2 protein chains.
Amino acid sequence: MKIGELSRATGANIETIRYYERIGLLPAPARTAANYRSYGPAHRSRLSFVRHSRELGFTIEEIRSLLDLSDDPARDCGEADRIATAHLGQVEAKIAQLVLLRDELARIVGRCRGGIAADCRVIEALGDHSRCESQH
Amino acid sequence: MKIGELSRATGANIETIRYYERIGLLPAPARTAANYRSYGPAHRSRLSFVRHSRELGFTIEEIRSLLDLSDDPARDCGEADRIATAHLGQVEAKIAQLVLLRDELARIVGRCRGGIAADCRVIEALGDHSRCESQH
DNA sequence: CTTGACCCTGTAGTTGCTACAGGGTGCATA
DNA sequence: TATGCACCCTGTAGCAACTACAGGGTCAAG
């Protein structure tokens, strides 16, 4: 299949596919006589793996490690679990941070009663961190 | 005050302060005979405003608009409220997305029982989006 | 034989910084 | 007076993970 078909099949955009090849995340495929990239099912499933992992927020380097593992089926699964668990921890930390931030923002937004900027509680609050209830 | 003092006073790092000046977020300060930047209290509070807004996740462009508003105290406060409310909405959307993602990750991580990569549920789950319970 | 959809390479832009390299300044100490 | 050290300057390049061209080639249909 050509790159456009692979793109439609996986949801990854064409430039992204070429980018993944350039950084060595996807192997360079065979080429047709016209120098078009020609992909098989193995490319397709590898790319799906990459896109799905990216959607789950794994970094390219984490995905590289996960792919290394899946390329070598004899290796220990603990490493994959360790990467995923660490990532889960990061997502949880990010959520906790955003929740604090949301609460702070909600407090700030809730204070606006209209009027002119000179009296604006929003602008005032942004200039004065000491009024915040949490550290962000 | 010199740039190092401003940096200590606001928590912004020196390179960041110069960056804000370069992109026009902070006005260029006066210079000493030795060509050192020389800041006053107005710079300090403007920079605090910027840093605090960044910590709350506002983009540089949003901050630019907020600063424009606070530079012109006669203007309507509604604009500031609109920006902050929109941002709050984005933060809430991001939280919702991360919560889905966390749940999906937790499901994936919870399935690992050790063993070799060939049997790894983590790797298997990453390769197969159709097993996910949510769209991410 | 031309139109349009597709493909190629290579480079530059995005956001919000951060990190040099290579130089100048200012003050204290030997 | 020399010299060390902390600080400052400009300009450029790097980070993540793409995305967006520019400028060209290929191929099938009408």
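If you're wondering where the values come from, they're calculated on a predicted model, not measured in any experiment.
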S.K.: Show your working on salt bridge (charged side-chain N to carboxylate O under 4.0 Å, His left out) between Arg18(B) and Glu21(B) and close with a plain yes or no.
M.R.: CA-CA 5 Å; Arg18(B) 288 197 282 244; Glu21(B) 180 183 329; over 6 Å; no

S.K.: Sugar-phosphate atoms are those with a prime plus P, OP1 and OP2; base atoms are the rest. Using that split, label each nucleotide of nucleotides 16-22 of chain D B, S or - for protein heavy atoms under 4.0 Å, 5' to 3'.
M.R.: -BBBBB-

S.K.: As a test of reading the structure: which of dC8(D), dT26(D), dC8(C) is closest to the side chain of Asn35(A), going by heavy atoms?
M.R.: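 Side chain of Asn35(A) sits closest to dC8(C).
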
S.K.: Using whole Å, what does the distance between atom P of nucleotide dC15(D) and atom CD1 of Ile23(A) come to?
M.R.: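 Rounding to the nearest Å, CD1 of Ile23(A) and P of dC15(D) are 12 Å apart.
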
S.K.: Give Ile14(A) one of three labels, base, sugar-phosphate or nothing, depending on what nucleic acid heavy atoms sit under 4.0 Å from its own.
M.R.: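 The residue Ile14(A) makes sugar-phosphate contact but no base contact.
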
S.K.: When you measure from the side-chain N and O atoms of Arg31(A) to the phosphate of dT9(C), is any distance below 4.0 Å, counting only OP1 and OP2?
M.R.: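 For dT9(C), OP1/OP2 do have a side-chain N/O of Arg31(A) under 4.0 Å.
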
S.K.: Strictly below 4.0 Å, N to O, side chains only: are Glu5(A) and Lys2(A) in salt-bridge contact?
M.R.: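 Looking at Lys2(A) together with Glu5(A), the answer is no, because their closest N to O distance does not fall below 4.0 Å.
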
S.K.: For a quick check under 3.5 Å, do Arg51(B) and Tyr20(B) share a side-chain donor-acceptor pair by atom type?
M.R.: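 There is such a pair (donor and acceptor under 3.5 Å, judged by atom type) between the side chains of Arg51(B) and Tyr20(B).
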
S.K.: Mind calculating the distance between CD1 (Ile3(B)) and P (dT25(C)) to the nearest angstrom?
M.R.: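 Ile3(B) atom CD1 is separated from dT25(C) atom P by 17 Å.
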
S.K.: Rounded to the Å, how far apart are Glu21(A) CD and dG10(C) C1'?
M.R.: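 After rounding, the gap between these two atoms is 14 Å.
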
S.K.: Measure CG/Leu25(B) against C1'/dT15(C) and give the value in whole Å, please.
M.R.: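 Roughly 13 Å, once rounded to whole Å.
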
S.K.: Does Asp128(B) pair with Arg121(B) as a salt bridge, N-O distance under 4.0 Å?
M.R.: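 Looking at Asp128(B) and Arg121(B), the cut-off is not met.
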
S.K.: Nearest of dT9(C), dT26(D), dC8(D) to any side-chain atom of Arg37(A)?
M.R.: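 Of the options given, the side chain of Arg37(A) lies nearest dT9(C).
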
S.K.: Quick one: does Ser7(A)'s side chain have a donor or acceptor within less than 3.5 Å of a partner on Ala12(A)'s backbone?
M.R.: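 Looks like yes, one N/O pair under 3.5 Å.
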
S.K.: Round to the nearest Å and state the distance from Lys2(B) atom NZ to dT25(C) atom P.
M.R.: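 In whole Å, dT25(C) P lies 13 Å from Lys2(B) NZ.
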
S.K.: Within the supplied structure, the quantity of interest is the number of heavy atoms (other residues, nucleotides, ligands) at a distance under 6.0 Å from Arg54(A) CZ; does it exceed 12?
M.R.: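 Enclosed.
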
S.K.: Do Glu104(B) and Arg107(B) sit within salt-bridge range, that is, some charged N less than 4.0 Å from a carboxylate O?
M.R.: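 Between Arg107(B) and Glu104(B) there is a salt bridge, with a charged N closer than 4.0 Å to a carboxylate O.
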
S.K.: Are Asp71(A) and Arg64(A) close enough for a salt bridge, meaning some N to O gap below 4.0 Å?
M.R.: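 No, this pair does not count.
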
S.K.: Using only heavy-atom distances, decide whether a donor-acceptor pair under 3.5 angstrom links the side-chain of Tyr36(B) to the base of dG26(C).
M.R.: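 Flag unset: no donor-acceptor pair detected.
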
S.K.: For the residue pair Tyr19(A) and Asn13(A), establish whether any side-chain heavy-atom pair is separated by less than 4.5 Å.
M.R.: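 A side-chain contact under 4.5 Å is absent here.
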
S.K.: Take the C1' atoms of the five end pairs on each side of the helix from dC1(C)-dG30(D) to dA30(C)-dT1(D), get both axes, and report the angle to 10 degrees.
M.R.: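 For the helix from dC1(C)-dG30(D) to dA30(C)-dT1(D), the axes at either end differ by 30°.
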
